[in-house]
Amino acid sequence: MSNAIKVKKRSLVLLIVYTVLIVALIGRVGYFQIVKGEEYSIKAYERQTRSRIINPKRGTIYDRNGKGLAISASVETISVNPPDFMDKMKDTPEKIDQIANDLAEILDMTPESVKAKLTSNSSWAFIKRKVDKEVGQKVREYLVENEITSIYVDEDSKRYYPNGRLASHVLGFTGDDEQGLNGIEKTFDEILSGKPGMVMSEFDAGGRQVKYSPETYVEPVDGYNLYLTIDETIQYFTEKALEQAVVDYKLKRGAAAIVMVPNTGEILAMASKPDYDPNDPFAKPDFVEKEDWKGKGSSEDVELLFQTVFRNKALMDTYEPGSTFKAITAAAALEEGVVTPDTEFVCTTVHLAGHNINCWKAGGHGAETFRVGVYNSCNPVFVKTALALGIDKFYQYVRAFGFMEKTGITLNGEPADNEYQWHKDPKEIDMAVSSFGQRFTISPLQLITAYCAIANGGNLMKPILVKQISDSEGNIIEKAEPQVVRKVISKQTSDTLREILAGVVSEGTGQNAYVSGYKIAGKTGTSETVETDTEGRYIASFACFAPADDPKVALVVILDHPQVYPHTGGTIAAPVAGKLMEEILDYLGVEREYSEKDKQLMLKEMYVPEVRNMKLSDAIAKLKAYELNYTIEGDNQSDDAIVYEQTPKPNSSVPSGSTVILYTYKPDDELKVTMPNVLNKEVDEAAETLRKAGLNIKVEGIGRAMRQEFEPGTELNKGQVVTVWFELTETD
């Protein structure tokens, strides 16, 4: 083979090799440019730029009337790019300490902590977050005045709860990064959060900002606003009532209450005690010693908070409902025609499966109709009724009223279906004790939802907590409509049972919830717990709605582990519920309709007129016109004598028939009398005892005197008005 041919072959081989290499290189470049181009462009951009996040304004949470319950205030966040800052300071390192000192003074920090942020090894560091606008402006002016770069003041927002503890369990709270951690804040976090914006700047490989490079600003998108069904005023009434109950009855495990609109399922108030301030959720609870509290940095302390003050008892707690459940048994029996209000029973011990079921009242109630059995909360009546109803039908209604499933409320923490302790394969004895609310558990929310069905004509409603969602311009994004889960009883049964439950309050075990002018229908309940035998823990409750003939509001009150006796629902929960219901109906403008019983029980309230400096004859005539009695103190009792002083003082509110003391001389001090003991006396007896002592009475409630405004032996002005609280003590 000639040399020329060999050279040609070698050249061909080299050409092929080079061609393959070039094609491969072009392919590789094309791969990076076309296939991987976008990915590597993003990576290059990320390496060459830094972004500072601009938090959006979190959506506001309003009550149903547009009052702000959770708002986001505009604040500033101070941050630094340490590599860039240190590069700028390399020729004047002594300025670092001065800057740290100056910023520390403005930001109320230590110079050491500020310097640590300025000189950290990270590419970005927050010096201080969420400072007031005024503080941020001072930092901004300081940086401009001293020509300091690489330190930034960016707009931010901070969550604020203007009413403090009010509705804390409903609202929840947010974390340092404005993320929802509990309550509505957590459930609707994505809707409330919005989308963050950012400021993007160009940086070199050393992490230093490129001079004269423009910054790109991306606007944040604010979160949507929520309008709750909660009424701020009714929420306040409810929490105030529970706070007083905790004190009055020494409740070791707190209390809970829910107020709901029967026809729509809207929740007007949901309260739980103990509670917390969402502005400072990790603060030490009152029941923990200061030296034992580590707070947010301790997992044990955080767990304690979630098990106590963060726990929404109205939603999360399950308990045996006791006699409040008898309304459900009654509804099922009336609907199925097993009983009528006039069906006759005899309150005797029921012997079943080797067990004796007795009435809560020693000796029983004797012969009674079903209606009266409900008034008396008679256990044997309900056992016999359930047996007549049968296991299948009984549990069919239990399920229909929603006691075996979640209510579906839009709030985190509702117990799962399997957390309600129902009998798996119920026998007659299981049904018997269940008929009067024992040996199974439900939640307060389930109970009030069922009572709403009784009140509204038989429709089980899905609870509504969020009324509507709107954007920052006020445009409605989503609106909740009342949702009927299912029909559980007929309107006829509802009408009948509403009338019977009204009798429980006017004549039966719920009389301590009686309010003149408002026909309240309800049921008492006292339940045992797993700690009853060891700790004496009982739960007293009362569930009701009003007005009974046209219900506007339903209410359930739960008092956990009272330290008083009696501890029954009728004794301690009913008066709390009655007074609260009265406040709510007054606030809603529901007109009072006084029955004949109301008129008999009511003591007409009078305002004491001004009779000082009047002639005695004129003063007496004026008092008689106001239906008030009088007693004269002084030697001069002629018609022309001048009245120099009077007790009670003018404009005092007193019952008609009260006695006004008239002084026909100028006393250095008013006459004194001693407060007698009227506890355990009936109204008439207590009033007579006070009259003989020279005092006037103001009556609150019915039954026997359980509390008096002043301790026996207290020295009072003669004629002074004394409030005495009366309660029925023989209740379930």
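Computation of the quantities below employed the complete heavy-atom set of this structure, encompassing side-chain atoms and omitting hydrogens, waters and symmetry-equivalent molecules.
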Tell me, do Thr407 and Val485 make a side-chain contact under 4.5 Å, heavy atoms counted?
no
What closest approach, in Å, do Lys294 and Ser298 show between heavy atoms, and which atom pair accounts for it?
CB-CB, 3.7 Å
Between Phe310 and Phe282, how do the two ring planes meet: parallel, tilted or perpendicular, split at 30° and 60°?
perpendicular
Side chains of Leu181 and Lys186 in contact at under 4.5 Å (non-hydrogen atoms)
no
NZ/NE/NH1/NH2 to OD/OE distance under 4.0 Å, Lys406 and Glu414:
no
From Leu242 atom CG to Leu251 atom CG, the distance as rounded to the nearest 0.5 Å
9.0 Å
How long is the span from the CG atom in Asp317 to the CG atom in Asp560, to the nearest 0.5 Å?
7.0 Å
Charged N to carboxylate O under 4.0 angstrom, Arg129 versus Asp177?
yes
With side chains defined as the heavy atoms from C-beta onward, is the minimum distance between Arg439 and Ser434 less than 4.5 Å?
no
Side chains of Ile409 and Met270 in contact at under 4.5 Å (non-hydrogen atoms):
yes
When you measure from the side chain of Asp63 to the backbone N and O of Asn65, does any donor-acceptor pair fall under 3.5 Å?
yes
Would you sort out whether Arg253 and Glu531 count as a side chain to side chain contact (heavy atoms under 4.5 Å, CB included), showing the intermediate values?
CA-CA 12 Å; Arg253 298 290 187 91; Glu531 293 99 353; 3.9 Å; yes
Separation of Glu178 CD from Arg159 CZ (nearest 0.5 Å):
7.0 Å
Verify salt bridge (Lys or Arg N to Asp or Glu O under 4.0 Å) between Glu405 and Arg399, making sure each step is shown before the conclusion.
CA-CA 8 Å; Glu405 61 189 8; Arg399 187 173 289 101; over 6 Å; no
Drop me the distance from Met581's CE to Ile520's CD1, to the nearest 0.5 angstrom.
5.5 Å
Can you check whether Phe325 and Phe403 have ring centres sitting under 6.0 Å from each other?
yes
Got a donor-acceptor contact below 3.5 angstrom from the Asp275 side chain to the Ser168 backbone?
no
Would you call Val221 and Pro56 a side-chain contact if the rule is heavy atoms closer than 4.5 Å?
no
Would you say the side chain of Pro285 lies within less than 4.5 Å of the side chain of Trp293, judging by non-hydrogen atoms?
yes
Main-chain N/O of Leu107 paired with Lys128 side-chain donor or acceptor, under 3.5 Å:
yes
Given the options Tyr62, Tyr224, Tyr227, Ser470 meets side chain to side chain contact (heavy atoms under 4.5 Å, CB included) only with Tyr227
Beyond-backbone contact of Tyr538 with Glu528, side-chain heavy atoms, under 4.5 angstrom:
yes
May I ask you to decide whether Glu239 forms a salt bridge with Arg165, counting only side-chain N to carboxylate O separations under 4.0 Å?
no
Decide yes or no on side chain to side chain contact (heavy atoms under 4.5 Å, CB included) for Thr524 and Thr526, but give the supporting numbers first.
CA-CA 7 Å; Thr524 57; Thr526 309; over 6 Å; no
Is the side chain of Lys252 donor-acceptor paired with the backbone N or O of Pro562 at a distance under 3.5 Å, no angle test?
no
Roughly how far apart are Tyr161 OH and Asp280 CG, rounded to 0.5 Å?
12.0 Å
Side-chain donor-acceptor contacts of residues 448-458 below 3.5 Å, not counting sequence neighbours, with atom names and distances?
unit_1 : atom_1 : unit_2 : atom_2 : d
Thr449 : OG1    : Leu445 : O      : 2.7
Tyr451 : OH     : Thr324 : O      : 2.6
Asn456 : OD1    : Gly458 : N      : 3.1
Asn456 : OD1    : Asn459 : N      : 2.9
Asn456 : ND2    : Pro262 : O      : 2.9
Asn456 : ND2    : Cys452 : O      : 3.1
Asn456 : ND2    : Asn459 : O      : 2.9

Step by step, would you call Asp176 with Lys296 a side chain to side chain contact (heavy atoms under 4.5 Å, CB included)?
CA-CA 12 Å; Asp176 294 335; Lys296 193 174 180 180; 3.3 Å; yes
Could you tell me whether Arg58 and Asp189 have a side-chain N and a carboxylate O separated by less than 4.0 Å?
yes
Please examine the side chains of Tyr236 and Asn163, heavy atoms only from C-beta on, and report whether any two atoms are closer than 4.5 Å.
no
From CG (Leu268) to CD1 (Ile230), nearest 0.5 Å
7.5 Å
Could you give me the CA-CA distance, side-chain angles and deciding distance for Glu76 and Arg140, then say whether side chain to side chain contact (heavy atoms under 4.5 Å, CB included) is met?
CA-CA 10 Å; Glu76 309 272 20; Arg140 190 177 285 110; 3.2 Å; yes
